[in-house]
Amino acid sequence: MIQLTPEKISIDTLLDSVEDHSTGGLVIFLGRVRNHAEGRQVRAMDYEAFDEMALTKMAAIAATAREKWPIKKIALVHRTGHLKLGEISVAVAVACAHREEAFAACRFVIDTLKKTVPIWKKEYFEGGEDWVEGILPEG
Amino acid sequence: MHLSKALSSAATVTVTVRAFARYAEILGLEETTLELAEPATVGDAVKLLRKNAPNGHLLPERPLVAVNLEHVLVETPLRQGDELALLPPLAGG
């Protein structure tokens, strides 16, 4: 499952999408909206994506992960729109036969997503709002 | 909005430009069309926007860019019908 969604990310749906009885290791990473950034109290976050490119890049990351590790099931979901504190902004689930490769692949997927997928966020904090200073892809 | 260089009868390429997040706010647009003299590169399009778009000078000379959904360098040539995307530094997750 590769998805951008303006709706609340459902963990049940995520789990259903990586159901596979040959996998004994399922690693899930969830990113959620934190109440502070660079000394500021954050109240909420807006996420904006370049949808077509983001989905293309997310699919490419999943494909690369499948080449590197023996993955049976993989899911990447990123939220868009206005998120409150504590809401899940990103979910990665990787199911493999064993936990070692599931941990490694999940780590690779979230790290690569942050470097290559065109998504931006605007913080709402005490006294204002601003786009979060992002990162430039390597190479 | 439609921005063009002063063009003679020389051949041109027309490309779609999309801007996101902070860059959409800077330029005051999410999508526009640019007509550029051939041969044109991504850098030529950025230069034209920096010169002619509202607050265009706030756009970096070498922003992160994608053509037809792929990350590219500003030296990349533009072809008729290409979609050029201006991407602020990425902040997903």
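In the text below, chain A, chain B and the rest are named by the order of the sequence lines, each starting its count at 1. Quick caveat, the model's predicted, so the values are computed rather than measured.
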(request) Please name the pair of heavy atoms, one in B:Gly93 and one in A:Lys121, separated by the smallest distance, quoted to 0.1 Å. (result)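 Smallest interatomic distance, heavy atoms only, reads O-NZ, 3.3 Å.
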(message) On a heavy-atom basis, which atom in B:Pro89 and which in A:Glu133 lie closest, and how many Å separate them?
(response)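 Taking every non-hydrogen atom into account, CG-OE2, 4.1 Å.
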Group every Ile, Leu, Val, Met, Phe, Trp and Tyr by side-chain heavy-atom contacts under 4.5 Å, then state whether [X] and [Y] land in the same group.
X       : Y        : value
A:Ile11 : A:Leu26  : yes
A:Ile61 : A:Leu4   : yes
A:Leu55 : B:Val67  : no
A:Val27 : A:Val109 : no
A:Ile88 : A:Phe29  : no

Just so I understand: if I count every heavy-atom pair under 4.5 Å between each of [options] and chain B, which residue has the most?
options                     : result
A:Val90, A:Thr116, A:Val132 : A:Thr116
A:Gly134, A:Ala91, A:Gly31  : A:Gly134
A:Val117, A:Thr56, A:Val92  : A:Val117

Report the distance from atom [atom1] of [X] to atom [atom2] of [Y], rounding to the nearest 0.5 Å.
X       : Y        : atom1 : atom2 : answer
B:Arg18 : A:Glu52  : CZ    : CD    : 4.5 Å
B:Leu90 : A:Lys114 : CG    : NZ    : 11.0 Å
A:Phe50 : B:Leu69  : CZ    : CG    : 5.0 Å
B:Phe20 : A:Trp131 : CZ    : CH2   : 11.0 Å

(message) Please classify the contact of B:Glu25 with chain A as side chain, backbone, both or neither, using a heavy-atom distance under 4.5 Å.
(response)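 The side chain, not the backbone.
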(message) Counting only non-hydrogen atoms closer than 4.5 Å, does B:Glu30 touch chain A with its backbone (N, CA, C, O), its side chain (CB onward), both, or neither?
(response)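 No part of it gets close to chain A.
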Is the count of non-hydrogen atoms from other residues, nucleotides or ligands lying under 6.0 Å from [X] atom [atom1] greater than 12?
X        : atom1 : result
B:Lys47  : NZ    : no
A:Arg32  : CZ    : no
A:Phe108 : CZ    : yes
A:Arg40  : CZ    : yes

(message) Is there a side-chain contact between B:Arg22 and A:Asp130 in this structure, where contact means two heavy atoms from C-beta onward sitting under 4.5 Å apart?
(response)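 Yes. Closest side-chain heavy atoms under 4.5 Å.
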(message) With a 4.5 angstrom heavy-atom cut-off, is it the side chain or the backbone of A:Ile135 that approaches chain B, or both, or neither?
(response)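 Contact with chain B: backbone and side chain both.
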(request) For A:Tyr47 and B:Ala91, indicate whether the former's side chain and the latter's backbone hold a donor-acceptor pair under 3.5 Å. (result)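 Pair absent, no side-chain N/O of A:Tyr47 close to backbone of B:Ala91.
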